[in-house]
Amino acid sequence: MNILLATSEAVPFAKTGGLADVCGALPIELKRLGHQPALILPAYRKTRYCGLPIEPLGIDFIVPIGSRMVTGHLLSSRLPSCDVPVYLVQQDQYFDRDELYWADGKDYIDNCERFVFFSRAVLEAIRLLDLKVDVLHANDWQTGLVPAYLKIEYVNQPRYRPISTVFTIHNMAYQGVFWHWDMLLTGLDWKFFNWREMEFHGSLNLLKTGLVFADSINTVSRRYAKEIQSAPLGCGLEGVLQHRSEVLTGILNGIDVNEWNPATDRHLAATYDVDSVAQGKPSCKEALQKELGLPCEAGVPLIAMISRLADQKGLDLVAEVIQRWVQTSDAQWAILGTGDPKYHRLLRTLADRFPQKVALRLEFSNPLAHRIEAGADIFLMPSRYEPCGLNQFYSLRYGTVPVVRATGGLADTIVDAAEQSAEAGQANGFSFQEYSAIALSETLLRACDAYRRPEIWRQLMDTGMRQDWSWARSAQQYVELYQATRQRTQRVAHA
């Protein structure tokens with residue numbers, strides 16, 4: 001199949017979050033499976049410094065933005081270490097800025113206009129580059145107009161008629177909501193500005209537009225696909241998703257198993273695999289304890305968290321639990337991340353008062369993240385909601401047992417070590433349902449009790465380390481989704 005992925009960001013060209021990781025990794029695996037993927041995204045200022053060659057194609061285009069005609073240019077590159085073409089849409093008035101979506105904590109006031117332009121550019125690029133496209137895979141609100149333009153404006157053009165569309169939601173909380181007069185920028189008839197299609201409480205909603213017009217919808221875990229069909233995680237669009245539930249699926253993201261591999265990780269004090277974890281991991285723990293200024297106590301559980309320090313990630317629960325645990329438990333804590341200043345202050349106070357138990361790094365360091373994943377015993381993810389999550393995958397691969405709240409992708413990946421699942425060799429961590437500090441504390445107590453029972457703990461580590469969370473697994477599921485979408489849309493076309 002010929003697959004064009006349209007996205008507002010992709011590693012290594014531009015990144016603000018997990019969307020970039022998905023769109024940088026998925027095309028590579030699709031290529032390895034024998035398909036012909038290509039990627040298209042805006043040419044931001046940041047893309048100039050991505051370390052890859054970018055060449056002008058000498059192709060210009062003009063698209064309507066409201067009552068104006070705006071010119072753009074197409075550039076080309078390739079994803080690193082593979083033959084996947086990347087097309088970059090250059091329009092410096094829109095994209096030559098320091099950041100992708102905001103400045104000084106506020107969204108750019110012309111974000112709607114910027115991504116109307118990009119969405120139109122995606123479809124024009126197909127014609128100008130003479131691309132054969134079987135599936136057009138759009139991602140998040142920034143490309144929500146792509147399926148709409150395809151269905152409304154390009155439906156009678158032979159080149160575009162066979163194209164099927166897939167639209168992926170990476171986080172329902174970001175919807176691209178703009179005032180109603182921005183409908184004029186889209187160039188679409190006002191008849192589409194209604195509660196069934198593009199209108200949302202009197203405003204224009206670009207995520208909703210993608211959900212309505214795409215042939216298939218998916219999100220980044222099966223549980224999240226269910227959760228967003230009701231409040232509060234539907235974020236007001238649960239009715240739309242219920243209406244389209246027959247074409248809504250969930251596919252877990254994958255991880256780069258070369259970058260996150262304890263057997264070859266250059267950041268670690270000692271490398272190890274599932275057969276040598278009993279020798280390598282204690283060395284990593286001791287080195288981490290020394291680096292963070294914690295006492296080198298092998299028998300004390302080391303609980304870690306690498307996260308944005310925000311309510312969504314469960315920091316309100318962690319703040320309540322850790323204040324009790326530092327006074328009643330011998331467990332050590334290692335926390336890496338930045339976020340809400342109130343959590344900076346609270347955690348800094350605890351680290352200052354209890355330096356033997358709490359190590360805090362208010363930064364993001366990729367090498368330290370690797371060393372924490374290898375050196376910790378327990379990894380904490382008590383999120384309010386988590387569409388997919390990535391750190392639980394890294395933790396499983398490094399033999400660090402996750403403690404998670406059973407939501408979104410965390411529920412799909414972590415099997416709780418209840419007695420039955422543990423005995424069957426299926427458990428790989430600990431989970432809890434109720435969003436409360438009591439539930440988190442009780443689950444951590446269960447985990448710490450298991451930590452002191454070596455046979456059970458080794459079984460949990462062994463199960464997690466042997467599981468496949470690679471992009472190869474995810475890419476195959478995307479291929480199946482693309483094929484199913486093609487078959488369904490072709491049946492409808494011939495009906």
Any side-chain donor near an acceptor of the partner, Asp316 and Tyr343, under 3.5 Å: no
Does the side chain of Arg488 pick up a donor-acceptor pair with the side chain of Ser164 at under 3.5 Å? no
Donor-acceptor pair, distance only, cut-off 3.5 Å: does the side chain of Arg486 make one with the backbone of Val135? no
Heavy-atom donor-acceptor pair, Thr209 side chain to Asn205 backbone, under 3.5 Å: yes
Does atom NZ (Lys226) have a neighbourhood of more than 12 heavy atoms from anything else shown, all under 6.0 Å? no
Distance flag, aromatic centroids of His137 and Tyr482, threshold under 6.0 Å: yes
Considering only heavy atoms from C-beta outward, does the side chain of Cys235 approach that of Gln175 to under 4.5 Å? yes
Distance-only polar pair, side chains of Lys31 and Gln36, donor-acceptor under 3.5 Å: yes
Parallel, tilted or perpendicular: which describes the rings of Trp260 and Tyr394, with under 30° parallel and over 60° perpendicular? parallel
Does the side chain of Asp265 pick up a donor-acceptor pair with the side chain of His370 at under 3.5 Å? yes
Classify the side-chain pair Ser474/Glu29 by whether it contains a donor and acceptor separated by less than 3.5 Å. no
Side-chain donor-acceptor pair under 3.5 Å between Asn194 and Glu197, yes or no? yes
Would you check if the side chain of Thr219 reaches a backbone N or O of Ile169 as a donor-acceptor pair within less than 3.5 Å? yes
How about Asp412 and Tyr224: does a side-chain donor come under 3.5 Å of a side-chain acceptor? no
Can a side-chain donor-acceptor contact be found between Tyr478 and Gln483 if the only test is distance below 3.5 angstrom? no
Is Lys132 salt-bridged to Asp134, cutoff N-O under 4.0 Å? yes
Could you tell me whether the side chains of Thr165 and Asp215 share a donor-acceptor contact shorter than 3.5 Å? yes
Just wondering, do Trp469 and Asn253 contact through their side chains at under 4.5 Å, heavy atoms? no
Counting N and O atoms only, with roles assigned by atom type, does the side chain of Glu442 sit under 3.5 Å from a partner on the main chain of Leu444, one being a donor and the other an acceptor? no
Examine Phe115 together with Trp141 and report whether their ring centres are nearer than 6.0 Å. yes
Is a salt bridge present between Arg45 and Asp92, judged by a nitrogen-to-oxygen distance below 4.0 Å? no
Would you please say whether a donor-acceptor pair under 3.5 Å links the side chains of Glu373 and Asn391? yes
Less than 4.0 Å between a side-chain N and a carboxylate O, is that true for Glu113 and Arg68? yes
Scan side-chain atoms only and decide if Thr463 and Gln467 contain a donor-acceptor pair under the 3.5 Å cut-off. no
Pair Phe61 and Phe117, ring centroids less than 6.0 Å apart: yes
Does the pair Arg120/Glu153 count as a salt bridge with the N-to-O cut at 4.0 Å? yes
Quiz question: by atom type and distance under 3.5 Å, do the side chains of Thr400 and Ser395 form a donor-acceptor pair? no
